[in-house]
Structure formats: structure tokens, C-alpha cells
Amino acid sequence: MAIKSTSIRAITPASYPASSSRPTADDFVLERYLKDRAALVERELQYLVAAPEGPSSRLFEAMRYSLLAGGKRLRPILALAACESVGGSLEAALSFGCAVEMIHTYSLIHDDLPCMDDDDLRRGRLTNHKVYGEAIATLAGDGLLTDAFKVLARNSLSARVPASALIETVAELADAAGSAGMVGGQVIDLLGEGRDLTLSELEVLHGKKTGALFVASVCGGARLGGAVQAQISALREYAGKLGLAFQVADDLLDVEASAEQIGKRTQKDQARGKATYPSLIGVEGSRAMARDLAARALDALASFDRRAEPLRALASYAVERQL
Ligand code: GRG
């Protein structure tokens, strides 16, 4: 059994590097924060999805190949930042953040398969099926998706998160990843290839395909950190705007960045006849839209104190990023 399912190791604030202490508006440096939090997530993922052994070793090797390939870890970082923004401990949201990253990685593996986008480069390395073949890659995605819920359920309870908050978070995450969310968005995307989509159709597509997991990450992290309903509602608004801004920025990178820079093939969308923000409203229009969405995400945080500083900085990062 390679998925650790008992309890998360005791994570106390003292076990974090000094730079991981709670940020204040005065001393907050996003770059350092992203590095610290990504390292925390990385360590936990290494532990949760352990090194391969036994008859399923090839499967675990394939799962770890994509999971530990150095993504930005943005969704778990958002979950941790949302948890902190309402005064929760990092421990409360860490397993949840890792579960979201496992689901995100599954979606990337499946999205790259020949029956979907048929890509050969992801996170700067060959795609999963190019290394392990289509059957194992499909199963690696299935394994990550299913095991994510075990990680979330078992390990969050050992972090002494209230069961009611955990159950709501499990349901919300399943909804965001499933037919009403990411999977549904992927279907709209596939069926829309070669068709002219309107701006509002594109927004629905990305709200499901990208935005739903952003919203679940932020709301789940906050809920597990003890947020009250009004805080969750404001964070839902924040994450919805942020998710769309992130996607518009992704469309811009597809047009403007190189494969070396972002670790995946670029210029793909146009070649596949996919509607994108730059194709609908131009590069400058897309940049303006992304910045406007980031500003509206910030507005949603108006009632939060300086503990929401990472969330505020992440809004700008989502649209100005080069990766
Ligand atoms: C196959 C069920 C299924 C869903 C696929 C999420 C998705 C739906 C496909 C991935 C391809 C894609 C371009 C999705 C849009 C969201 C997006 C920009 C994903 C990449 O996320 P990053 O930039 O990647 O956070 P890293 O590698 O940094 O984690």
C-alpha cells in the first residue's frame, strides 16, 4: 500500500522555516511565500504518495512521475493561503491542498492522452503516456483521482478538522472535479473545437474546466481553517474571478511564451481550432480583461485583514506570471 492513509505527521508552526511564519502586509514577499509553501506541499506529496513497491510499483511510479514533476502548486498554495486568511493553521488544510493537487495532476495526465489533446510535453518533461503507455497513464490518473479522496478524508480528520466541515469540503471538491465542474468543462471544450464560441460560452467553459477547482481550493481551505459563511461567500467570489483571470493569462502564455519557458507546447489552441480570449478579444483586450478580473478578485477581499495578504498577492501573480 503506497498511499499513506493514517495520520499526517505532527505539523507545528515551529517545524516550518522562519520565512513561513504568518505574513504581514509590511514584510510579505510573494516569491519567498510561494517557495516555502510549494516546498511544504512537495514534502507532503512525497510522503502521501510513497515510493513504489510491490506488484503495483509501475502504477505508483507513473503517478509519482507526473505528481512530483514540479508544477507551480498553485491550487494547494491557494488552499493554504485561504486557510491562513481566516486564522486557520496550515495543518488543517495541508492534506486537502495535496488532494487538490493530485486531482489537478490526474486531469493533466488525462488531458494529454491521444484521445484528448494528444500532447507530448508537460511540466517540462515527456507526458505520462509517452513514458508509461496509454493504459498505465490512464490508470495513473484514475489512481490519483481516487486516492485524493482517501488522503483528504483520512488525513484531515487526524488534523482534527470538524467532520461537518470535512464532509462539505469532500462534496464540494467532488462537485468541482466531476461532471458539473472540470470533467463537464472538458466535454464542452472538446465538443467546441472548430466552433466559434461567444465570450460568455468561453466563460462558462473555463468556469467549469479551470475555475471550479480554484473555487473549491480556496473555499475548502478556508472552511477547514474555520471560516464562517460570510467569509466563504467572499472567498468564492475572489476565487471565481481569480480562476478566470488565471485562464485568460494561460491563453496569453499559449500565444506569447515558448515551450521551454512554460514546460508545455505552445500555440496549440489556434492549431486545434479552439476559441481563446486572444482569438476573441485580441492580446491587449485579454491582458486588460485579466487585470480587471484580478482587480475584482481583490475587491472581494475588502473585508479581510492583513492575513489575506498572500491571497491579494496571488491575484496579481495569476495574471502577471511568466510560467
Ligand atoms: C481530462 C478530466 C479532464 C480534465 C481536463 C484541467 C484540464 C481539464 C485540462 C488541463 C489542460 C488545461 C490547459 C487546463 C486549463 C487549466 C490550466 C491552465 C491548467 C494548467 O495548470 P497550471 O498552470 O499547471 O497550474 P502546473 O503544471 O503548474 O500545475
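Indexing begins at 1, ligand by ligand and atom by atom, following the structure's order.
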**Message:** When you measure from the heavy atoms of H206 to every atom of ligand 1, does any distance fall below 4.0 Å?
**Reply:** no

**Complete:** Nearest non-hydrogen protein atom to atom 13 (C) of ligand 1, with distance, is D250 OD2, 4.1 Å

**Item:** Basic-acidic side-chain contact under 4.0 Å: E84, R37
**Value:** yes

**Prompt:** Which residue holds the protein heavy atom closest to atom 8 (C) of ligand 1, what is that atom called, and what is the gap in Å?
**Reply:** Q186 OE1, 3.4 Å

**Prompt:** Run the salt bridge (Lys or Arg N to Asp or Glu O under 4.0 Å) check on E203 and K208 step by step: do they pass?
**Reply:** CA-CA 9 Å; E203 191 168 326; K208 289 174 179 287; over 6 Å; no

**Message:** I'd like to know if the side chain of R307 pairs up with that of S85 as donor and acceptor (distance under 3.5 Å, no hydrogens or angles considered).
**Reply:** no

**Prompt:** If you count the atoms of ligand 1 from 1 in the order shown, which ones are under 4.0 Å from a heavy atom of R75?
**Reply:** 19 (C), 21 (O), 22 (P), 25 (O)

**Asked** Would you call L74 a ligand 1 contact, heavy-atom distance under 4.0 Å?
**Response** no

**Complete:** The answer for which part of L108 has a heavy atom under 4.0 Å from ligand 1 is side chain

**K274: which of D251, D254, D117 passes salt bridge (Lys or Arg N to Asp or Glu O under 4.0 Å)** = D117

**N or O pair under 3.5 Å between Q247 and ligand 1** = no

**Item:** Atom indices of ligand 1 within 4.0 angstrom of H110 heavy atoms, with elements
**Value:** 1 (C)

**Complete:** re atom 22 (P) of ligand 1, the protein heavy-atom contact at minimum distance is K72 NZ, 3.4 Å

**Item:** Nearest-neighbour protein heavy atom for atom 14 (C) of ligand 1, which is reported as residue plus atom name and distance
**Value:** K209 CE, 3.5 Å

**Message:** Any carboxylate oxygen within less than 4.0 angstrom of a Lys/Arg side-chain nitrogen, looking at R296 and E237?
**Reply:** no

**Message:** Please determine whether any non-hydrogen atom of R73 lies less than 4.0 Å from an atom of ligand 1.
**Reply:** no

**Asked** Just which atoms of ligand 1 are under 4.0 Å from any heavy atom in F246?
**Response** 18 (C), 22 (P), 23 (O), 25 (O)

**Asked** Under 3.5 Å, N or O to N or O, is H104 touching ligand 1 that way?
**Response** yes

**Asked** Going by an N to O cut-off under 4.0 Å, is there a salt bridge joining D111 and R122?
**Response** yes

**Request:** Output, in order, the C-alpha distance, side-chain angles, deciding distance and verdict of side chain to side chain donor-acceptor pair (under 3.5 Å) for T127 and D119.
**Result:** CA-CA 7 Å; T127 45; D119 268 312; over 6 Å; no

**Message:** What I want to find out is whether E61 reaches R58 closely enough, with some N-O distance under 4.0 Å, to be called a salt bridge.
**Reply:** yes

**Request:** Give a yes/no verdict on a cation-pi contact between R75 and F246, requiring under 6.0 Å between NZ or CZ and the six-membered ring centre and an angle within 45° of the axis.
**Result:** yes

**Asked** Could E320 and R287 be called an ion pair, given the rule that one side-chain N must be under 4.0 Å from one carboxylate O?
**Response** no

**Prompt:** NZ of K72 to CG of L34: how many Å apart, nearest 0.5 Å?
**Reply:** 11.0 Å

**Item:** Closest protein heavy atom to atom 6 (C) of ligand 1, given as residue, atom name and distance to 0.1 Å
**Value:** S107 OG, 3.3 Å

**Request:** Using a strict cut-off of 4.0 Å, indicate which atoms of ligand 1 neighbour a heavy atom of T210.
**Result:** 15 (C), 16 (C)

**Fill in**
re atom 27 (O) of ligand 1, the protein heavy-atom contact at minimum distance is R123 NE, 2.8 Å

**Request:** Using distance alone, decide if ligand 1 has a nitrogen or oxygen within less than 3.5 Å of any nitrogen or oxygen in D111.
**Result:** no

**Item:** atom 2 (C) of ligand 1: nearest protein contact (heavy atom, Å)
**Value:** Y106 OH, 3.2 Å

**Item:** Interfacing atoms of ligand 1 (cut-off 4.0 Å, heavy-atom, V183)
**Value:** 2 (C)

**Asked** So, D189 and K209, do they make that salt bridge, N to O below 4.0 Å?
**Response** yes

